[in-house]
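The figures here come from the full heavy-atom set of this structure, side chains too, leaving out hydrogens, waters and symmetry mates. In what follows, chains carry the letters A, B, and so on, assigned in the order in which the sequence lines appear, proteins first and then strands, with residues in each chain numbered from 1.
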Amino acid sequence: MPTADSAPQADSALKKAMAEQERLRPLVLPQGITARDVHLVAGVDVAYAKDESIVAGAVVVLDAHTRHIVDSASASRPVDFPYVPGLLAFRELPALLDALAALHTRPDAVACDGYGTAHPRRFGLACHLGVVTDLPTFGVAKTAFIGEYEQPGPQRGDRSQLTDHGETIGHVLRTRPGTRPVFVSTGHRIDLDTATQLTLALTADHRLPETTRHADRLSRQVLADRLGHG
DNA sequence: GCGACAG
DNA sequence: ATCTTGTCGC
């Protein structure tokens with residue numbers, strides 16, 4: 001992958017990416033589905049080779065109520081964009097879109113590993129994936145990015161508002177007692193309460209949604225296979 | 001100008 | 001994200 005950090009060429013690529021986000025942002029729909037509309041829910045995640053030369057994307061579809069796997073797909077390819085906070089989608093979307101295209105099922109919603117609307121330009125990975133696929137999406141991030149918040153209560157389900165300049169952009173949600181909370185934000189065609197509701201429905205024994213955990217495991221396996229088999 | 005900064 | 005050793009706990 002091209003590395004020249006401060007090279008004018010790389011600088012131009014970042015500006016084009018930001019312009020792309022500004023162009024697609026207006027296409028995001030703030031609401032659409034409700035939790036009862038979701039029968040099949042997918043989770044997506046990626047894994048990188050240690051030298052960041054290859055990225056493997058995976059998507060796992062679960063029955064929203066039994067949480068059993070009903071479908072899955074993956075794809076791997078060379079990494080062609082650097083990690084830049086705020087531009088994660090340009091680094092991860094290619095592999096995720098390839099994986100989604102290989103799916104035999106059409107999920108009713110997609111849980112992403114990262115942020116949606118709680119983003120510097122209100123267009124994080126979850127929003128981008130949603131607009132491009134026209135699928136309802138939301139983000140569940142493991143660490144803080146932007147905004148301010150108070151620590152939520154200790155019980156599962158306790159939450160606080162993630163705000164930015166007085167605007168609520170997400171929820172800091174306790175999915176399990178004794179563990180750090182997760183950061184939920186809307187992606188596309190869903191509202192924050194529904195995204196939060198789905199996140200809770202997908203978490204029972206662990207901090208992160210089962211969808212994300214399965215996708216994480218699959219992406220690592222796919223990467224290991226590709227690296228191992230040349 | 002300096003620090004912070006999803007995965 | 002990935003690297004990386006042990007350690008505490010269910």
Side-chain angles (χ1 to χ4, degrees), chain A residues 1 3 5-6 14 17-18 20-21 24-25 28 43-59 74-97 99 110-131 137-149 156 162-165 169-173 175-188 192 195 199 204-209 211-228:
Chain A
M1 156 181 81
T3 47
D5 315 82
S6 57
L14 302 192
M18 291 194 276
E20 175 75 343
Q21 294 184 322
L24 297 176
R25 181 175 61 174
V28 172
V44 296
D45 194 18
V46 302
Y48 298 95
K50 60 180 181 180
D51 63 359
E52 302 206 326
S53 61
I54 300 295
V55 56
V59 52
S74 62
S76 61
R77 49 177 291 151
V79 173
D80 62 5
F81 202 91
Y83 168 66
V84 179
L87 299 178
L88 229 204
F90 295 88
R91 182 173 170 81
E92 309 196 337
L93 269 193
L96 294 180
L97 292 177
V110 182
C112 302
D113 189 26
Y115 285 92
T117 305
H119 174 277
R121 287 172 294 285
R122 299 291 184 274
F123 197 71
L125 172 65
C127 296
H128 204 143
L129 179 62
V131 167
T137 60
F138 61 99
V140 180
K142 301 181 289 298
T143 63
F145 187 20
I146 67 165
E148 298 137 23
Y149 63 93
R156 165 179 161 77
L162 176 63
T163 63
D164 186 41
H165 301 315
I169 57 177
H171 277 162
V172 181
L173 177 70
T175 56
R176 183 183 176 175
T179 63
R180 302 187 308 119
V182 296
F183 301 77
V184 180
S185 59
T186 63
H188 182 57
L192 184 55
T199 298
D205 307 320
H206 302 278
R207 176 169 82 118
L208 300 179
T211 39
T212 299
R213 301 183 73 248
H214 282 297
D216 176 75
R217 184 143 63 85
L218 179 56
S219 66
R220 295 193 197 208
Q221 183 60 62
V222 169
L223 178 66
D225 289 344
R226 167 157 176 166
L227 295 180

Write down the distance between [atom1] ([X]) and [atom2] ([N]), rounded to a whole number of angstrom.
| X | N | atom1 | atom2 | answer |
| --- | --- | --- | --- | --- |
| Phe183(A) | dA6(B) | CZ | P | 11 Å |
| Asp51(A) | dT2(C) | CG | C1' | 10 Å |
| Leu88(A) | dT2(C) | CG | P | 12 Å |
| Asp164(A) | dC5(B) | CG | C1' | 14 Å |
| Phe81(A) | dG7(B) | CZ | P | 17 Å |
| Tyr115(A) | dA1(C) | OH | C1' | 16 Å |
| Glu148(A) | dC5(B) | CD | P | 13 Å |
| Phe145(A) | dG7(B) | CZ | C1' | 10 Å |

Using a strict cut-off of less than 4.0 Å between a Lys/Arg side-chain nitrogen and an Asp/Glu carboxylate oxygen, indicate whether Glu20(A) and Arg121(A) qualify as a salt bridge.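 A salt bridge is absent here (no side-chain N lies under 4.0 Å from a carboxylate O).
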Can you tell whether the side chains of Arg176(A) and Asp205(A) come within less than 4.0 Å, N to carboxylate O?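 Looking at Asp205(A) together with Arg176(A), the answer is no, because their closest N to O distance does not fall below 4.0 Å.
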I want to check one thing: is the phosphate of [N], taken as OP1 and OP2, less than 4.0 Å away from some side-chain N or O of [X]?
| X | N | value |
| --- | --- | --- |
| Thr143(A) | dC5(B) | no |
| Arg220(A) | dT2(C) | yes |
| Lys50(A) | dT4(C) | no |

Assign [X] to base, sugar-phosphate, or nothing according to its heavy-atom contacts below 4.0 angstrom with the strands shown.
| X | value |
| --- | --- |
| Gly139(A) | nothing |
| Leu96(A) | nothing |
| Ile146(A) | nothing |
| Ala118(A) | nothing |

Is the base of dA1(C) stacked against the aromatic ring of Tyr83(A), taking ring centres under 5.5 Å apart and planes under 30° as the test?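 No, Tyr83(A) does not stack on the base of dA1(C), since the centre distance and plane angle fail the 5.5 Å and 30° test.
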Side-chain ([X]) to main-chain ([Y]) donor-acceptor, under 3.5 angstrom:
| X | Y | value |
| --- | --- | --- |
| Arg122(A) | His119(A) | yes |
| Thr117(A) | Thr186(A) | yes |
| Gln21(A) | Gly86(A) | yes |

